[in-house]
Amino acid sequence: MNQVKAHWKVLAVILALVLWAAWYSRPVDVYGLGIGELEAVNVRISRNEPGVGEQEARSIGLRPGDPLWQTVLDELEALRFRRPPWNLVRQYQDGVIRTEPAAREALVFYLWDSGDKDLMLQLNGGKPCYTSPYTKQNLPASLSGGEETAQALAERLRPLLEAG
């Protein structure tokens, strides 16, 4: 009888881990990455060439009340990300997310909330990643819609950055 109970406990733990992993890796918005109510956003689009460096960069800083605030906030809130379950452990380890050198455009959001947390969110430029607002480690994520979504967002934001 005790062996049966022990097996049920192990199965219950495994089931709990599987359910938690499914919940953690579900699609989340930017707030699901750990940031609170946004107080400021900086948007940067840059073009890098391997061996040459940054060729072009545009950026704009926004706060609530700025004319472009709601437009950029709507675009940012519409994004959905999936986090791998191992991010919970990875954020407490030292490590670097490696990217291959290639000509690419990077779209980066720097976000600050009312609770003094900040989060960097990089799209394009290889694999999407974000900084943990708790440990400041770079963590991988996948963007729903992939590279096409990131490129389309960069195309929509580029004219705003040129006008701003």
Is the backbone of [Y] close enough, under 3.5 Å, to the side chain of [X] for a donor and an acceptor to pair up by distance?
X   : Y    : answer
R58 : P159 : no
D66 : L68  : no
R83 : A141 : no
S25 : P85  : no

What is the minimum heavy-atom distance between [X] and [Y], and which atoms define it?
X    : Y    : value
R82  : R26  : NH1-CA, 3.8 Å
E39  : D113 : CG-C, 3.6 Å
L119 : P133 : CD1-CD, 4.0 Å
S132 : L139 : CB-CD1, 3.8 Å
R80  : L143 : O-CD1, 3.5 Å
L153 : E75  : CD1-OE1, 3.4 Å

>> Determine whether L161 and I45 satisfy the following criterion, side chain to side chain contact (heavy atoms under 4.5 Å, CB included), listing intermediate values before the conclusion.
In response: CA-CA 8 Å; L161 271 59; I45 298 176; 3.9 Å; yes
Is there a continuous path of hydrophobic side-chain contacts, each under 4.5 Å between heavy atoms, that joins [X] to [Y]?
X   : Y    : answer
L76 : M120 : no
V72 : I60  : yes
V30 : L73  : yes
V41 : W112 : no
L79 : W69  : yes

> Has D74 got more than 12 heavy atoms of other residues, nucleotides or ligands less than 6.0 Å from its CG?
Replying inline: yes
> Considering residues, nucleotides and ligands other than R63, do more than 12 of their heavy atoms fall under 6.0 Å from its CZ?
Replying inline: no
>> Within the 4.5 Å heavy-atom criterion, are F81 and L121 side-chain neighbours or not?
In response: yes
> Can you tell if the side chain of P128 reaches within under 4.5 Å of the side chain of P140, non-hydrogen atoms only?
Replying inline: no
> Cut-off 3.5 Å, side chains only: do E77 and Y31 have a donor facing an acceptor?
Replying inline: yes
>> We want to know whether E147 and Q151 form a side-chain donor-acceptor pair, criterion being a heavy-atom distance below 3.5 angstrom.
In response: no
> How far does CG of D118 sit from OG1 of T131, to the nearest 0.5 angstrom?
Replying inline: 6.0 Å
> Nearest 0.5 Å, what's the CG-NZ distance between L33 and K117?
Replying inline: 11.5 Å
> Between S59 and V43, does a side chain to side chain contact (heavy atoms under 4.5 Å, CB included) hold up when you go through it step by step?
Replying inline: CA-CA 5 Å; S59 65; V43 183; over 6 Å; no
> Does the pair L107 and Q122 meet the rule for a side chain to side chain contact (heavy atoms under 4.5 Å, CB included), with working shown?
Replying inline: CA-CA 6 Å; L107 173 59; Q122 179 176 333; over 6 Å; no
> Checking R44 against F109: charged group under 6.0 Å from the ring centre and within 45 degrees of the axis?
Replying inline: no
>> Is the ring pair W23/W20 parallel, tilted or perpendicular, if the boundaries are 30 and 60 degrees?
In response: tilted
